[in-house]
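Working notes for the structure below.
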Protein chains: 2
Amino acid sequence: MAVSARRGTPLTLQEILGTALRLIDAGGVESLSMRKLAAELDVNPMSLYHHVANKTELIRTVCLNVAPTLQPPADDGAPWPDQLRALAHAYRRLARTHPGLWRYVHNHPEVIEPRQGGLWEVLDRILRAAQVPEDERERTADVLHAFVSGFVLAENLGHIAEEESEPAFDTAINLITAGLRAHR
Amino acid sequence: MAVSARRGTPLTLQEILGTALRLIDAGGVESLSMRKLAAELDVNPMSLYHHVANKTELIRTVCLNVAPTLQPPADDGAPWPDQLRALAHAYRRLARTHPGLWRYVHNHPEVIEPRQGGLWEVLDRILRAAQVPEDERERTADVLHAFVSGFVLAENLGHIAEEESEPAFDTAINLITAGLRAHR
DNA sequence: ACCTGAACACCGTTCAAGT
DNA sequence: ACCTGAACACCGTTCAAGT
């Protein structure tokens with residue numbers, strides 16, 4: 001059995017992932033160390049390696065657990081600009097809930113490869129509704145994703161003042177929809 | 001005098017900065033360590049601290065040295081969409097010359113605070129030419145910067161396929177100019 | 001003035017040993 | 001099966017000592 005001397009309960013993967021996410025939310029991925037995580041769990045650092053191959057895989061697992069939290073809004077029949085705004089809003093919300101983790105994923109996109117979550121399907125549907133020609137749709141989706149995540153990252157890093165946040169988000173979405181409309 | 005036993009020449013700040021930039025260009029900021037840098041310079045790790053306060057300050061100095069390399073194109077009287085494209089192009093070029101360093105700055109904007117380089121002045125001039133109303137100009141500049149750097153980061157991270165790079169850049173710029181025009 | 005070696009407080013991870 | 005301690009190869013940085 002060999003339960004930890006310092007704890008009554010055996011260590012579980014869920015416990016590890018939960019605590020890791022908490023530490024990441026608190027101080028960003030940079031602040032997460034295997035040794036600190038183990039201390040937080042009141043366990044020997046090396047015990048973690050019985051549940052997880054290494055640090056990279058641990059972070060990746062945390063990411064893959066959080067990713068499905070993004071629930072891209074379903075097609076409610078609203079005009080496409082409204083749906084685009086709603087999608088961007090959902091994306092931004094997730095980023096704000098886990099800023100450190102989101103920043104990590106954004107800088108290590110390979111972690112979540114291939115493009116996960118209904119996000120890309122929904123985006124494609126919206127671009128179709130916006131009558132973006134088929135041969136430009138994927139490219140346009142890439143560009144829009146880069147634009148919105150660029151904005152979200154700017155916010156995340158405090159590059160955009162708190163009280164400017166909402167009006168700037170409006171400006172961003174309006175610019176995109178106006179651009180798409182003109183492109184039609 | 002006390003010149004290094006292993007080297008004939010005394011260590012200079014310029015030499016340190018140059019080698020640091022070379023290592024960063026080769027492997028990103030993550031791969032730069034004081035100890036590796038010292039080894040590359042054939043010097044004791046601790047000698048570096050005679051020329052530089054610490055690692056963060058070293059990287060910051062490298063950044064501040066590279067930043068002026070961005071020469072935002074001067075006002076040549078061309079239509080504003082062309083000037084906007086040229087500005088974005090210059091920005092993107094710098095990012096491609098030093099991908100690792102650019103990524104670092106982009107994720108640590110405080111390094112270059114306040115907004116450096118003629119970039120922001122030029123951007124403001126262009127938005128004026130595009131007849132963006134005065135009270136929206138700063139906000140719009142923030143959004144455009146976030147958009148373009150979002151795109152550049154996506155490229156930087158290999159999120160956009162090599163052969164898609166140029167057409168995607170076109171799509172990005174066209175979307176922005178179309179959006180600005182409609183907003184007028 | 002400039003350089004250095006030893007030392008400290010951190011990392012991630014391997015491996016052999018404990019229950 | 002699960003946990004652990006000692007050990008290794010890395011970090012950044014301080015400090016006292018060398019020339």
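We use all heavy atoms of the structure for the numbers below, so side chains are in, but hydrogens, waters and symmetry mates are not.
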Expressed as a whole number of angstroms, how long is the span from B/Leu48:CG to C/dC2:C1'? 13 Å

Base, sugar-phosphate alone, or nothing: which one does A/Ser33 contact when heavy atoms must sit under 4.0 Å apart? sugar-phosphate

Rounded to whole Å, how long is the line connecting atom NE2 of B/His51 with atom P of C/dA1? 13 Å

What is the distance, rounded to the nearest whole Å, between atom CD of A/Glu30 and atom P of C/dC10? 19 Å

Select one nucleotide: of C/dT4, D/dC3, C/dT13, the one nearest the side-chain heavy atoms of A/Met34. C/dT13

Atom CG of A/Asn54 and atom P of D/dC10 are separated, to the nearest Å, by 18 Å

Hey, what do you get for CZ (A/Arg139) to OG (B/Ser165), rounding to the nearest 0.5 Å? 11.0 Å

Do the rings of A/Phe151 and A/Phe169 sit parallel, tilted or perpendicular, given the 30° and 60° boundaries? tilted

Quick check on D/dC2: is either OP1 or OP2 less than 4.0 Å from any side-chain nitrogen or oxygen of A/Ser47? no

With sugar-phosphate meaning primed atoms plus P, OP1 and OP2, does B/Met46 contact a base, only sugar-phosphate, or nothing at under 4.0 Å between heavy atoms? base

Within this structure, what is the NZ-to-C1' distance between A/Lys36 and C/dG12, rounded to whole angstrom? 14 Å

Greater than 12 external heavy atoms within 6.0 Å of B/Glu138's CD: no

Closest approach to the side chain of B/Pro10, judged atom by atom: which nucleotide of C/dG12, C/dC3, D/dT13 is it? C/dC3

Let me see the working for A/Arg22 and A/Glu40 under side chain to side chain contact (heavy atoms under 4.5 Å, CB included), right down to the final yes or no. CA-CA 10 Å; A/Arg22 185 160 51 76; A/Glu40 196 76 11; 3.3 Å; yes

Grab the CD-P distance between B/Glu15 and C/dC2 for me, whole Å please. 14 Å

The answer to which of B/His50 and B/Thr56 contacts DNA chain D further toward the 5' end, by nearest nucleotide, is B/Thr56

Integer-rounded Å distance: D/dT19 P and B/Asn44 CG: 15 Å

Residue closer to the 5' end of DNA chain C, B/Leu11 versus A/Leu32 (nearest nucleotide): B/Leu11

Rounding to a whole Å, what distance do you find between B/Arg35:CZ and C/dC10:P? 15 Å

Taking the inter-plane angle between the rings of A/Tyr91 and A/His145 on a 0 to 90° scale, is it parallel (under 30°), tilted (30 to 60°) or perpendicular (over 60°)? perpendicular

